[in-house]
2 protein chains.
Amino acid sequence: MQSFIHPDMRDVTLDAVLYALADPARRAIVRALAADRACEGKGLSCNAAAPPDLPKATMSQHYAKLRAAGVVRATRKGVSVIHTLRCDEINAKFPGLLPAILEAVEV
Amino acid sequence: MQSFIHPDMRDVTLDAVLYALADPARRAIVRALAADRACEGKGLSCNAAAPPDLPKATMSQHYAKLRAAGVVRATRKGVSVIHTLRCDEINAKFPGLLPAILEAVEV
DNA sequence: TTCGTTATTTCAATAAATCCGAACTATTGA
DNA sequence: TCAATAGTTCGGATTTATTGAAATAACGAA
């Protein structure tokens, strides 16, 4: 498998971003990446950021959607794929959206 | 058909709200209701707030999802069903979320 | 009250998207 | 070269969405 494709911010739509974030597993991933960014900031492997009981085929599909939506960026590091939040870019394009979602209390 | 059921704000989840807003037709409805609230503020009929080319059955399902998610409130007025945004309630529960989505520029 | 009109919902069938086990690919280290 | 680890892709089962057609609801007029 060749390197990952990430959309240019011009092609990132609110539709895709909201759609990507409208799933609890994907939000859990985004929360984990946001928390990581606040400390280490070097990114997390797929497994490290995903809910522990998620089947890996499903997990992989979730990451594919997050990448396609422009929410996360992936790079391969050895045997792992490391993801980071495209935090500043999303904040610039959709001000307030990520903070509002990340700061919301989930039941 | 008897009166509409609207969830108590305690039972409104971020999941359902994001899911409801992660659809362009439903966002168009929400935008129309937000714009209406800024002037008349008396609410809009289903047809008035929905994109003009939306099939009626589809429109009705979209409203059902918006109501179930706690995003809008419906009351019957004559032959029409009038919807309003549950703006203050959503703002109180998920601060910044609605503004961020409504102020985003859609492509 | 019965009929016609308008506005919306429900039903039911089709179409599309999602989930996930199994098989596959990529990378590294022994 | 082989085995182990981390993800991805494939394919079929299940779920969800879409929408035409029929049903329901409210009203006004005859």
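In the text below, chain A, chain B and the rest are named by the order of the sequence lines, each starting its count at 1.
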query: Distance-only, no hydrogens or angles: does the B/H6 side chain make a donor-acceptor pair with backbone N or O of B/A68 under 3.5 Å?
result: no
- request: Report yes or no: is there a donor-acceptor pair, N or O only, under 3.5 Å between the side chain of A/Q61 and the base of D/dT8?
  value: no
message: Under 4.0 Å from OP1 or OP2 of C/dC19: is there any side-chain N or O of A/T58 that close?
response: no
query: Does a side-chain N-to-carboxylate-O contact under 4.0 Å join B/R37 and B/D88?
result: yes
Distances for protein N or O near nucleotides 5-7 of chain C N or O, under 3.5 Å:
| unit_1 | atom_1 | unit_2 | atom_2 | d |
| --- | --- | --- | --- | --- |
| C/dA7 | O4' | B/V79 | O | 3.2 |

- request: Scan A/H62 against the nucleic acid and name what it touches under 4.0 Å (heavy atoms): base, sugar-phosphate only, or nothing.
  value: sugar-phosphate
- line: When rounded to the nearest 0.5 Å, the distance separating CG of A/L85 from CZ of A/R73 is 11.0 Å
message: For B/R67 and B/H83, which I'm curious about, is there any donor-acceptor pair between the side chains at under 3.5 Å?
response: yes
- request: Whole angstrom is fine here: how far is it from CG in A/D23 over to C1' in C/dC19?
  value: 11 Å
task: Figure out the CE/P separation between A/M59 and C/dA22, and round it to whole Å.
output: 17 Å
field: Closest non-hydrogen atom pair between B/V17 and B/F94, with its separation
entry: CG2-CE1, 4.0 Å
- request: Using whole Å, report how far CG of B/L54 lies from C1' of D/dT19.
  value: 10 Å
field: Short side-chain N/O contact from A/S60 to OP1 or OP2 of D/dT8, under 4.0 Å
entry: yes
task: May I have the distance from A/L66 (atom CG) to D/dT8 (atom P), rounded to whole angstrom?
output: 11 Å
task: Find the distance A/I82:CD1 to C/dT28:C1' and express it as a whole number of Å.
output: 14 Å
Donor-acceptor contacts, no H, no angles, side chain residues 46-64 of chain B, under 3.5 Å, sequence neighbours left out:
| unit_1 | atom_1 | unit_2 | atom_2 | d |
| --- | --- | --- | --- | --- |
| B/H62 | ND1 | B/R26 | NH1 | 3.1 |
| B/Y63 | OH | B/C46 | O | 2.7 |

task: Starting at atom CD1 of A/I5, determine the distance to atom P of D/dG7, rounded to an integer number of angstrom.
output: 19 Å
- request: Classify the nucleic acid contact of B/R67 as base, sugar-phosphate or nothing, counting any heavy atom under 4.0 Å across all strands shown.
  value: sugar-phosphate
Interatomic distance, A/K77 NZ vs D/dG7 P [rounded to whole Å]: 13 Å
Point-to-point distance, once rounded to the nearest 0.5 Å, from CG of A/D36 to OG1 of A/T84: 9.0 Å
statement: Here the distance between atom P of C/dC19 and atom OH of A/Y63, to the nearest Å, is 15 Å
